[in-house]
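Heavy atoms only: backbone and side chains are in, while hydrogens, waters and symmetry mates are out. In this chain, numbering begins with 1 at the start of the sequence shown.
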Amino acid sequence: MDNFISILRDANSPEELEALKLQLFRENVRIKTDKADLEDLKDEISREKLELDELKSQLEKSRKQFDKEVSEINSTIESNRKKLENDIIFLNKKQMVLENGFKQLDVDRQRLNNEKSEFRKLKESQVNIRRNIPVLEYRQGIFFKGITNEKALKKRYKDLIKVFHPDNISGDTDTLQNINREYETLLHDLNMNK
(Lines give C-alpha, C1' and ligand atoms only; values in the text may rest on other atoms or scores of the structure.)
Protein backbone atom coordinates (compact mmCIF):
# COMPACT_ATOMS: atom_id res chain seq x y z
CA MET A 1 0.00 0.00 0.00
CA ASP A 2 2.85 2.37 0.82
CA ASN A 3 4.19 1.61 -2.61
CA PHE A 4 0.95 2.87 -4.27
CA ILE A 5 0.93 6.07 -2.20
CA SER A 6 4.46 6.87 -3.27
CA ILE A 7 3.47 6.17 -6.91
CA LEU A 8 0.48 8.59 -6.59
CA ARG A 9 2.77 11.33 -5.16
CA ASP A 10 5.16 10.93 -8.00
CA ALA A 11 2.45 11.51 -10.60
CA ASN A 12 3.45 14.36 -12.97
CA SER A 13 0.07 15.43 -14.22
CA PRO A 14 -3.60 15.18 -13.19
CA GLU A 15 -4.27 12.81 -16.11
CA GLU A 16 -1.51 10.58 -14.98
CA LEU A 17 -2.92 10.77 -11.45
CA GLU A 18 -6.39 9.82 -12.74
CA ALA A 19 -4.91 6.94 -14.68
CA LEU A 20 -3.05 5.75 -11.58
CA LYS A 21 -6.22 6.07 -9.48
CA LEU A 22 -8.14 4.05 -12.06
CA GLN A 23 -5.41 1.45 -12.07
CA LEU A 24 -5.47 1.42 -8.26
CA PHE A 25 -9.26 1.02 -8.27
CA ARG A 26 -9.06 -1.89 -10.72
CA GLU A 27 -6.33 -3.47 -8.68
CA ASN A 28 -8.42 -3.07 -5.52
CA VAL A 29 -11.45 -4.67 -7.25
CA ARG A 30 -9.26 -7.53 -8.53
CA ILE A 31 -7.85 -8.07 -5.03
CA LYS A 32 -11.35 -8.12 -3.48
CA THR A 33 -12.52 -10.50 -6.20
CA ASP A 34 -9.48 -12.72 -5.64
CA LYS A 35 -10.10 -12.52 -1.90
CA ALA A 36 -13.74 -13.56 -2.37
CA ASP A 37 -12.60 -16.37 -4.69
CA LEU A 38 -10.06 -17.42 -2.07
CA GLU A 39 -12.78 -17.42 0.61
CA ASP A 40 -14.97 -19.55 -1.66
CA LEU A 41 -12.03 -21.89 -2.27
CA LYS A 42 -11.35 -21.98 1.47
CA ASP A 43 -15.00 -22.88 2.14
CA GLU A 44 -14.91 -25.53 -0.59
CA ILE A 45 -11.66 -26.92 0.80
CA SER A 46 -13.23 -27.00 4.29
CA ARG A 47 -16.26 -28.87 2.92
CA GLU A 48 -14.01 -31.30 1.04
CA LYS A 49 -11.90 -31.73 4.19
CA LEU A 50 -15.06 -32.58 6.15
CA GLU A 51 -16.11 -35.01 3.40
CA LEU A 52 -12.61 -36.56 3.45
CA ASP A 53 -12.74 -36.81 7.25
CA GLU A 54 -16.16 -38.49 6.94
CA LEU A 55 -14.79 -40.86 4.27
CA LYS A 56 -11.75 -41.53 6.42
CA SER A 57 -14.00 -42.32 9.38
CA GLN A 58 -16.14 -44.66 7.23
CA LEU A 59 -13.02 -46.32 5.83
CA GLU A 60 -11.66 -46.78 9.35
CA LYS A 61 -14.96 -48.37 10.45
CA SER A 62 -14.93 -50.56 7.34
CA ARG A 63 -11.32 -51.52 8.01
CA LYS A 64 -12.11 -52.43 11.63
CA GLN A 65 -15.12 -54.47 10.48
CA PHE A 66 -12.98 -56.15 7.83
CA ASP A 67 -10.25 -56.89 10.40
CA LYS A 68 -12.88 -58.34 12.74
CA GLU A 69 -14.31 -60.54 9.96
CA VAL A 70 -10.81 -61.65 8.94
CA SER A 71 -10.05 -62.47 12.58
CA GLU A 72 -13.27 -64.50 12.88
CA ILE A 73 -12.53 -66.32 9.62
CA ASN A 74 -8.97 -67.05 10.75
CA SER A 75 -10.28 -68.27 14.09
CA THR A 76 -12.78 -70.55 12.33
CA ILE A 77 -10.09 -71.81 9.97
CA GLU A 78 -7.74 -72.49 12.89
CA SER A 79 -10.49 -74.28 14.80
CA ASN A 80 -11.37 -76.37 11.75
CA ARG A 81 -7.68 -77.12 11.15
CA LYS A 82 -7.22 -78.34 14.72
CA LYS A 83 -10.39 -80.42 14.47
CA LEU A 84 -9.18 -81.89 11.19
CA GLU A 85 -5.78 -82.71 12.72
CA ASN A 86 -7.52 -84.41 15.66
CA ASP A 87 -9.78 -86.31 13.25
CA ILE A 88 -6.74 -87.45 11.26
CA ILE A 89 -4.98 -88.61 14.45
CA PHE A 90 -8.14 -90.41 15.57
CA LEU A 91 -8.57 -91.98 12.13
CA ASN A 92 -4.94 -93.14 12.11
CA LYS A 93 -5.41 -94.71 15.54
CA LYS A 94 -8.58 -96.46 14.35
CA GLN A 95 -6.76 -97.70 11.27
CA MET A 96 -3.91 -98.99 13.43
CA VAL A 97 -6.37 -100.80 15.72
CA LEU A 98 -8.09 -102.33 12.70
CA GLU A 99 -4.79 -103.42 11.17
CA ASN A 100 -3.72 -105.00 14.46
CA GLY A 101 -7.12 -106.67 14.73
CA PHE A 102 -6.82 -108.09 11.22
CA LYS A 103 -3.30 -109.33 11.95
CA GLN A 104 -4.56 -111.01 15.14
CA LEU A 105 -7.47 -112.52 13.21
CA ASP A 106 -5.05 -113.93 10.64
CA VAL A 107 -2.90 -115.40 13.41
CA ASP A 108 -5.99 -116.87 15.12
CA ARG A 109 -7.33 -118.21 11.82
CA GLN A 110 -4.00 -119.86 11.07
CA ARG A 111 -3.85 -121.33 14.58
CA LEU A 112 -7.40 -122.63 14.27
CA ASN A 113 -6.73 -124.07 10.84
CA ASN A 114 -3.74 -125.87 12.31
CA GLU A 115 -5.87 -127.13 15.18
CA LYS A 116 -8.57 -128.18 12.73
CA SER A 117 -5.99 -130.05 10.69
CA GLU A 118 -4.69 -131.74 13.84
CA PHE A 119 -8.26 -132.60 14.79
CA ARG A 120 -8.86 -134.29 11.43
CA LYS A 121 -5.63 -136.25 11.78
CA LEU A 122 -6.61 -137.20 15.30
CA LYS A 123 -10.10 -138.21 14.15
CA GLU A 124 -8.62 -140.48 11.46
CA SER A 125 -6.37 -142.22 13.95
CA GLN A 126 -8.99 -142.18 16.73
CA VAL A 127 -9.45 -145.95 16.85
CA ASN A 128 -5.78 -146.58 17.59
CA ILE A 129 -5.54 -143.78 20.18
CA ARG A 130 -8.50 -145.08 22.24
CA ARG A 131 -6.68 -148.26 23.10
CA ASN A 132 -3.49 -146.57 24.35
CA ILE A 133 -4.71 -143.35 26.14
CA PRO A 134 -6.46 -143.03 29.52
CA VAL A 135 -10.16 -142.07 29.32
CA LEU A 136 -9.94 -138.39 30.46
CA GLU A 137 -6.93 -137.60 28.26
CA TYR A 138 -8.60 -139.30 25.27
CA ARG A 139 -11.85 -137.42 25.76
CA GLN A 140 -10.02 -134.08 25.82
CA GLY A 141 -9.43 -134.45 22.10
CA ILE A 142 -7.79 -131.70 20.12
CA PHE A 143 -9.99 -128.74 21.10
CA PHE A 144 -9.58 -129.04 24.87
CA LYS A 145 -6.10 -130.50 25.02
CA GLY A 146 -4.34 -129.78 28.31
CA ILE A 147 -7.53 -128.64 30.12
CA THR A 148 -7.63 -129.92 33.71
CA ASN A 149 -10.30 -127.80 35.43
CA GLU A 150 -13.86 -126.67 34.77
CA LYS A 151 -13.08 -122.94 34.61
CA ALA A 152 -10.42 -123.38 31.89
CA LEU A 153 -12.77 -125.76 30.05
CA LYS A 154 -15.59 -123.17 29.96
CA LYS A 155 -13.24 -120.37 28.83
CA ARG A 156 -11.82 -122.49 25.99
CA TYR A 157 -15.37 -123.51 25.02
CA LYS A 158 -16.50 -119.84 24.75
CA ASP A 159 -13.45 -118.95 22.66
CA LEU A 160 -14.02 -121.87 20.30
CA ILE A 161 -17.74 -121.08 19.92
CA LYS A 162 -16.89 -117.49 18.90
CA VAL A 163 -14.65 -118.75 16.13
CA PHE A 164 -16.49 -121.83 14.82
CA HIS A 165 -20.10 -120.66 15.13
CA PRO A 166 -21.83 -121.09 11.72
CA ASP A 167 -22.71 -117.39 11.60
CA ASN A 168 -18.99 -116.49 11.44
CA ILE A 169 -17.01 -116.41 8.21
CA SER A 170 -14.80 -119.27 9.35
CA GLY A 171 -17.70 -121.09 11.06
CA ASP A 172 -18.29 -124.79 10.51
CA THR A 173 -21.33 -126.77 11.74
CA ASP A 174 -19.53 -130.14 11.88
CA THR A 175 -16.65 -128.71 13.86
CA LEU A 176 -19.08 -126.95 16.22
CA GLN A 177 -20.91 -130.25 16.85
CA ASN A 178 -17.60 -131.96 17.60
CA ILE A 179 -16.68 -129.14 20.00
CA ASN A 180 -20.05 -129.44 21.77
CA ARG A 181 -19.73 -133.23 22.13
CA GLU A 182 -16.19 -132.96 23.43
CA TYR A 183 -17.19 -130.18 25.86
CA GLU A 184 -20.15 -132.11 27.27
CA THR A 185 -18.05 -135.23 27.69
CA LEU A 186 -15.18 -133.40 29.43
CA LEU A 187 -17.57 -131.40 31.63
CA HIS A 188 -19.21 -134.65 32.69
CA ASP A 189 -15.82 -136.30 33.36
CA LEU A 190 -14.54 -133.30 35.35
CA ASN A 191 -17.70 -133.23 37.47
CA MET A 192 -17.37 -136.98 38.07
CA ASN A 193 -13.73 -136.59 39.27
CA LYS A 194 -14.65 -133.94 41.89
Side-chain angles (χ1 to χ4, degrees), residues 1-116 151 154-173 175-176 179:
M1 185 81 169
D2 290 336
N3 192 14
F4 284 117
I5 292 174
S6 66
I7 291 174
L8 289 175
R9 279 189 201 148
D10 292 340
N12 293 333
S13 68
E15 293 86 28
E16 191 179 336
L17 183 62
E18 262 323 297
L20 286 174
K21 282 182 183 180
L22 183 61
Q23 184 181 4
L24 183 61
F25 175 76
R26 285 184 189 152
E27 189 63 28
N28 192 19
V29 169
R30 187 189 64 79
I31 288 174
K32 284 184 181 181
T33 305
D34 285 350
K35 188 175 181 182
D37 288 346
L38 284 175
E39 286 295 323
D40 289 344
L41 279 174
K42 183 179 176 184
D43 290 343
E44 189 177 330
I45 288 173
S46 293
R47 280 193 307 273
E48 287 180 1
K49 185 177 185 255
L50 287 174
E51 289 175 6
L52 283 174
D53 289 343
E54 177 85 18
L55 278 173
K56 182 180 176 184
S57 173
Q58 289 175 357
L59 283 174
E60 186 63 26
K61 286 179 186 176
S62 296
R63 187 191 61 78
K64 286 180 181 178
Q65 181 66 27
F66 178 75
D67 289 346
K68 182 180 176 185
E69 289 173 3
V70 166
S71 176
E72 289 172 358
I73 290 171
N74 286 338
S75 174
T76 303
I77 288 172
E78 184 64 23
S79 172
N80 288 341
R81 185 188 62 78
K82 285 181 181 178
K83 185 178 181 230
L84 182 62
E85 287 175 355
N86 289 338
D87 288 348
I88 288 171
I89 291 169
F90 182 68
L91 187 64
N92 287 338
K93 286 181 180 179
K94 274 185 161 181
Q95 184 177 2
M96 194 181 314
V97 167
L98 283 173
E99 287 173 359
N100 290 338
F102 284 128
K103 286 177 185 176
Q104 186 61 42
L105 279 174
D106 287 340
V107 168
D108 290 346
R109 185 177 293 122
Q110 184 63 38
R111 182 180 52 82
L112 288 173
N113 285 337
N114 291 341
E115 287 179 5
K116 193 175 181 180
K151 186 176 178 182
K154 287 181 179 181
K155 182 175 182 342
R156 175 76 60 88
Y157 177 72
K158 287 179 184 177
D159 291 343
L160 289 170
I161 292 299
K162 286 179 187 174
V163 174
F164 287 106
H165 193 275
D167 291 342
N168 280 343
I169 294 173
S170 62
D172 182 14
T173 305
T175 306
L176 185 64
I179 291 170

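Glu99 is linked by a side chain to side chain contact (heavy atoms under 4.5 Å, CB included) to Gln95, counting only residues two or more places apart in sequence or in another chain. Residues passing the salt bridge (charged side-chain N to carboxylate O under 4.0 Å, His left out) test with Arg30 are Glu27, Asp34, sequence neighbours excluded. By the side chain to side chain contact (heavy atoms under 4.5 Å, CB included) test, Phe102 pairs with Leu98, Leu105, sequence neighbours left out. With sequence neighbours excluded, the residues forming a side chain to side chain donor-acceptor pair (under 3.5 Å) with Glu78 are Arg81, listed by chain and number. Partners of Pro14 by side chain to side chain contact (heavy atoms under 4.5 Å, CB included), not counting sequence neighbours: none found. Evaluation of the ring pair (Phe, Tyr, Trp, His ring centres under 6.0 Å) rule for Tyr157 yields Tyr183 as partners, not counting sequence neighbours. By the side chain to side chain donor-acceptor pair (under 3.5 Å) test, Arg63 is found to be paired with Glu60, Asp67, residues two or more places apart in sequence or in another chain being considered. Remark: Glu48 pairs with no residue by the side chain to side chain donor-acceptor pair (under 3.5 Å) rule, at least two apart or across chains. Residues passing the side chain to side chain contact (heavy atoms under 4.5 Å, CB included) test with Asp159 are Lys155, sequence neighbours excluded. Not counting sequence neighbours, the partners of Asp106 by the side chain to side chain donor-acceptor pair (under 3.5 Å) test are Arg109.
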Step by step, would you call Lys116 with Leu112 a side-chain contact (heavy atoms from CB on, under 4.5 Å)? CA-CA 6 Å; Lys116 193 175 181 180; Leu112 288 173; over 6 Å; no
Worked check of side-chain contact (heavy atoms from CB on, under 4.5 Å) between Leu160 and Thr175: CA-CA 10 Å; Leu160 289 170; Thr175 306; over 6 Å; no
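A distance of 8.5 Å separates CG of Leu20 from CG of Leu24, quoted to the nearest 0.5 Å. Of the inter-residue distances, the one linking Asp43 atom CG with Leu38 atom CG reads 11.0 Å to the nearest 0.5 angstrom. If you take CG on Asp108 and CG on Asn113, they are separated by 11.0 Å, rounding to the nearest 0.5 Å.
Glu115 has a carboxylate O that lies under 4.0 Å from a charged side-chain N of Arg111, or vice versa, which qualifies the two as a salt bridge.
Distance alone, capped at 3.5 Å, is enough to place a donor-acceptor pair between the Ser46 side chain and the Lys42 backbone.
Atom CD1 of Ile169 has 12 or fewer neighbouring heavy atoms from other residues, nucleotides or ligands inside a 6.0 Å radius.
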